[in-house]
Amino acid sequence: MKNWLILGATSGIAVPLARELASRGNRICLAGRRENSKRLELLAQDLNARFGVEAAVSYFDAVELERLEAFIDEVEETFGRIDGVVYAAGLMEPQLHLQRDFTAARRQHDINYMAAVGLLGHTARKMEARRRGHIVAFGSPAGDRGRRSNYLYGADKAALHLFMEGLRHRLAGKRITVLTVKPGPTDTPMTAGMRKPRFKARPEDVARDIARAIDDKRTVIYTPAKWRYIMCVIRHLPWFIFKRLNL
Amino acid sequence: MNRQSDSKRAARGGCPPLFTERLESWGRLRSGLTQVARPELSSHLRGILAARTSKKVLGFGRGLSYGDACINTGNVTVKFNSLDHLLTFDPGKGILTCEAGITLEEIIRAVLPHGWFLPVTPGTCYPTIGGCFAADVHGKNHHVDGSLARHIRWIEILTASGKFARCSRKKDRDLFLATAGGMGLTGLIYRLSLKLKRVHTGYVYAERIRVHSLREMMDVIEVGDADWEYSVSWLDGAAPDREMGRGEIILGRHAEPEQLSFKRRSSPFIIRTRPGISLPVTSPVSLVGSLSTRLFNSLYLRRSGSRRKRREIIPWNIFFYPLDAVREWNRLYGRKGFVQYQFVAPDEAGYSAVGLALQICQRSGHIPSLAVLKRLGEKEGLLSFPMPGWTLALDMPVRHGLFRMLDELDRIVIDHGGRVYLAKDARLSPGSFRAMYPSFPEWLEVKRRVDPEDVFSSDMSRRLAMNREEAD
Ligand SMILES: Cc1cc2nc3c(=O)[nH]c(=O)nc-3n(C[C@H](O)[C@H](O)[C@H](O)COP(=O)(O)OP(=O)(O)OC[C@H]3O[C@@H](n4cnc5c(N)ncnc54)[C@H](O)[C@@H]3O)c2cc1C
Ligand SMILES: NC(=O)c1ccc[n+]([C@@H]2O[C@H](COP(=O)([O-])OP(=O)(O)OC[C@H]3O[C@@H](n4cnc5c(N)ncnc54)[C@H](OP(=O)(O)O)[C@@H]3O)[C@@H](O)[C@H]2O)c1
């Protein structure tokens, strides 16, 4: 039994991931914004009813950067030692909107990147001292190559990918696993309004892949796995072709 | 704080934001642009109704019905993905209360380790319990246990009045029976309470029997159904006339621990969750042609060897959900999609109706790629599909002339006193529908009482003119 902290627990992917982790008998702390307290309480009840595990709720807001470290300390005090942490919060606003509004782009960057650095960095220091732990965060295929349709979101994810890589390097040999997950388009609120239907993966399948990757101590995964190959092709497309594509 | 950043989720006036999307059902046949809402709390359901203006509203599970029952083109579709919380589960009594959007697979994962299983399940574990109640689904055990509605203790539904109503077979019985099989047209099902089935292992003891004609198949099924909990048969739709009905009968019951090998007995409820293989792209043309169908069917028959009877103990997922092993197999049928034509005909007319249907498919060259035969029992809801008799389900790729042939099949089904399953339908005419569903006027009476303005409506209900008595 381990203690897992899920940051952004109302996310469409985090919900089934919390269930996967609970089904393995772990205690779960669901963290999200206070305005979602009803949903978070319901999710805690759900984990308990499904798998008989203890689930707690706590509140944070990713844009309040200066409060994040204290928040982690609080969770350790009230919920217990954090053995595993997932940063699932994220925001993908329309590229055009971000292009025109720097304040919005900066806010999105705070949520997608800076908050992860604060929360995961602080947790990592504690884990490093204890020489055990799991750290999980979400990159994205969108972070593999800058595309005009969403490079501001992509840049956030590329930064997070590099942060996770560095953290993994730093913690190598200290019995801490650092996993970057790059999901393809998944059927969650984030992709609402994407008009193509069957294109999206089931979040339950994505969550299952992630849980297995944690068990297997993997470092970077694409899920569904086909995205590794698709992105390999897209990354290597020569510029004279790439610039013509409507991606 | 910049509120705009929360546009994707924040509920305004209790109504979650709406997004324009194209939704598809499993047959990939119908899809239209619709305004999708994704509620996360029961209060959001109310909010959606309050904000709907003149638009029609429809619940959507996971789109695993084949036709247009879950499609609401140009109107509001309520996706239940996030209303999927398990609320309570009593492992002693096997009673579970959940929100309508939870999938059957998730229920099994929670209850099987405690020795419980779904009392009724369709041939896939990916649909929602709400969608299954709305279609009042039947399983391989319909001849013993009836359809899903029989095992639902109560439901809570948001009706057009804007209030949640709890109904059951005892309380507000009309609403309960109009909702079971009512294809989402009486309101938004929010919560359900379910009585589970006791099992002692996660395995099924199965027997497969090879047969060579339709007569033989029906005889063996009738004998088998008397002592087996589960029964389903697969027949070769491509077989030549003289061998029509050749195929395999699969009987089963939940295995007892003593039947398991020593190794399996130590963890009898093991849940395998190998993710299925999925098809990366939709094939531009259908790969399921008459040649590949013939080949597949005869290879399948050869694979099962020459012995007439075989027994085996297999894990629950392989027995109940063989098709789930390939995710999105519907893409095999190409862009035009496919239909599943499923009908039931009363006992005495069963042989004739099934035989005629197979012959007509042969004659017109629309060879079914999959043909499944099963015996059904009594129905539960007013618009429920089952009746004591024989049901035949035929999977066919959409090709020129298919719909003309299906119209012909409709006439045969009506002549034999049978009906077509709404959860699979995309093309029945309003007249045929009325001839097939004699309880429709009774259902309409309840519908008018709970939803006088026809707020809950779908492409199917508009196609079949389900808001009035007469077909035209
Ligand atoms: C491979 C496969 C095998 C199948 N085998 C069987 C079988 O053996 N027996 C059988 O009976 N069926 C079978 N089906 C059909 C399937 O079980 C039903 O169509 C089921 O209704 C699909 O559930 P869903 O959650 O995907 O609902 P959807 O397809 O999304 O919706 C189905 C109907 O339910 C309504 N609905 C959904 N959720 C709600 C809600 N919360 N409130 C109000 N209305 C709602 C919709 O409006 C629609 O009318 C099979 C389907 C497939 C793909
Ligand atoms: N879905 C995809 O197709 C896809 C593809 C690639 C990568 N990803 C990444 O995978 C992760 C999970 O994605 P998802 O699709 O599950 O996302 P989602 O359903 O849209 O959820 C986003 C989560 O972020 C939280 N959040 C937003 N702003 C926050 C803030 N200021 N403070 C705290 N929490 C905040 C949301 O909380 P509220 O409920 O309070 O809004 C929500 O829980 C994200 O990092 C995403 O970028 C997703």
Side-chain angles (χ1 to χ4, degrees), chain A residues 10-12 15-16 19-20 23 33 35-36 38-39 42-52 61 63-64 91-94 97 101 103-104 106-108 111 187-206 208-209 211-212 223-227 229-230, chain B residues 1-2 4-10 16-24 28 31 33 36-38 40-43 62-63 79 81-91 96-99 102-103 105-107 109-111 113-114 126 271 273-276 278 280-282 327-328 330-331:
Chain A
T10 53
S11 112
V15 169
R19 288 172 183 153
E20 285 293 335
S23 78
R33 287 188 282 188
E35 60 204 76
N36 288 322
K38 269 197 194 141
R39 176 90 199 289
L42 209 52
L43 284 167
Q45 183 185 349
D46 170 273
L47 293 180
N48 182 263
R50 284 183 192 227
F51 305 111
D61 193 318
V63 294
E64 295 170 4
L91 193 63
M92 183 176 71
E93 295 218 67
H97 170 60
D101 184 342
T103 314
R106 203 181 84 180
R107 182 173 184 274
Q108 177 176 295
I111 295 169
D187 188 8
T188 71
M190 187 170 278
T191 58
M194 258 182 45
R195 298 196 175 190
K196 285 266 177 56
R198 283 285 166 194
F199 205 61
K200 300 179 194 170
R202 283 171 13 112
E204 294 89 343
D205 292 341
V206 167
R208 201 161 296 167
D209 278 355
R212 194 164 308 129
T223 162
K226 69 181 175 197
W227 284 96
Y229 309 104
I230 298 173
Chain B
M1 192 161 95
N2 183 354
Q4 194 172 359
S5 306
D6 295 347
S7 59
K8 281 244 153 160
R9 313 174 76 96
L18 299 176
F19 290 92
T20 306
E21 281 182 35
R22 202 176 284 285
L23 293 178
E24 265 182 3
R28 320 200 65 228
S31 63
L33 283 178
V36 177
R38 200 180 155 123
E40 301 186 338
L41 294 171
S42 61
S43 58
R62 293 290 180 114
K79 259 182 133 178
N81 297 51
S82 300
L83 280 176
D84 69 340
H85 304 103
L86 187 67
L87 301 170
T88 63
F89 168 48
D90 179 342
L96 166 154
T97 313
C98 58
E99 290 178 336
I102 191 172
T103 65
E105 179 185 32
E106 296 288 305
I107 294 181
R109 272 161 56 94
V111 305
H114 300 276
Y126 301 135
I271 297 191
T273 44
R274 233 179 310 135
S278 62
V281 289
T282 305
R327 239 357 152 263
E328 305 188 10
N330 55 344
R331 290 177 165 204

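Note that the coordinates shown come from a computational prediction; the quantities given were computed from them, not determined experimentally. Lettering follows sequence order; numbering is per chain, from 1.
Under the 3.5 Å distance criterion, the side-chain polar atoms of A:Asp46 are matched with a main-chain donor or acceptor of B:Leu86.
In this structure, no portion of B:Asp90 lies under 4.5 Å from any heavy atom of chain A. Heavy atoms closer than 4.5 Å to chain B are found nowhere in A:Asn36, neither backbone nor side chain. Contact of B:Leu41 with chain A is made through the side chain alone, with heavy-atom distances under 4.5 Å. Both the backbone and the side chain of A:Leu43 come within contact range of chain B, with heavy atoms under 4.5 Å apart.
The side-chain contact (heavy atoms from CB on, under 4.5 Å) check on A:Asn48 picks up nothing, with sequence neighbours excluded.
By the 4.5 Å heavy-atom criterion applied to side chains, B:Tyr126 and B:Thr103 are not counted as neighbours.
Among A:Gln108, A:Arg50, A:Arg19, A:Gln45, the residue making the largest number of heavy-atom pairs under 4.5 Å with chain B is A:Arg50. Across B:Ile102, B:Asp84, B:Thr97, B:Leu18, the residue that shares the most heavy-atom pairs under 4.5 angstrom with chain A is B:Asp84. By number of non-hydrogen pairs under 4.5 angstrom with chain B, the leading residue of A:Val15, A:Ile230, A:Thr188 is A:Thr188.
Salt-bridge formation is not detected for the pair A:Glu64/A:Arg33: no Lys NZ or Arg NE/NH1/NH2 atom is positioned less than 4.0 Å from an Asp or Glu carboxylate oxygen. In summary, B:Arg62 and A:Glu204 engage in a salt bridge, as defined by a charged side-chain N under 4.0 Å from a carboxylate O.
Side-chain contact, A:Thr10 with A:Arg39: no donor N or O sits under 3.5 Å from an acceptor N or O.
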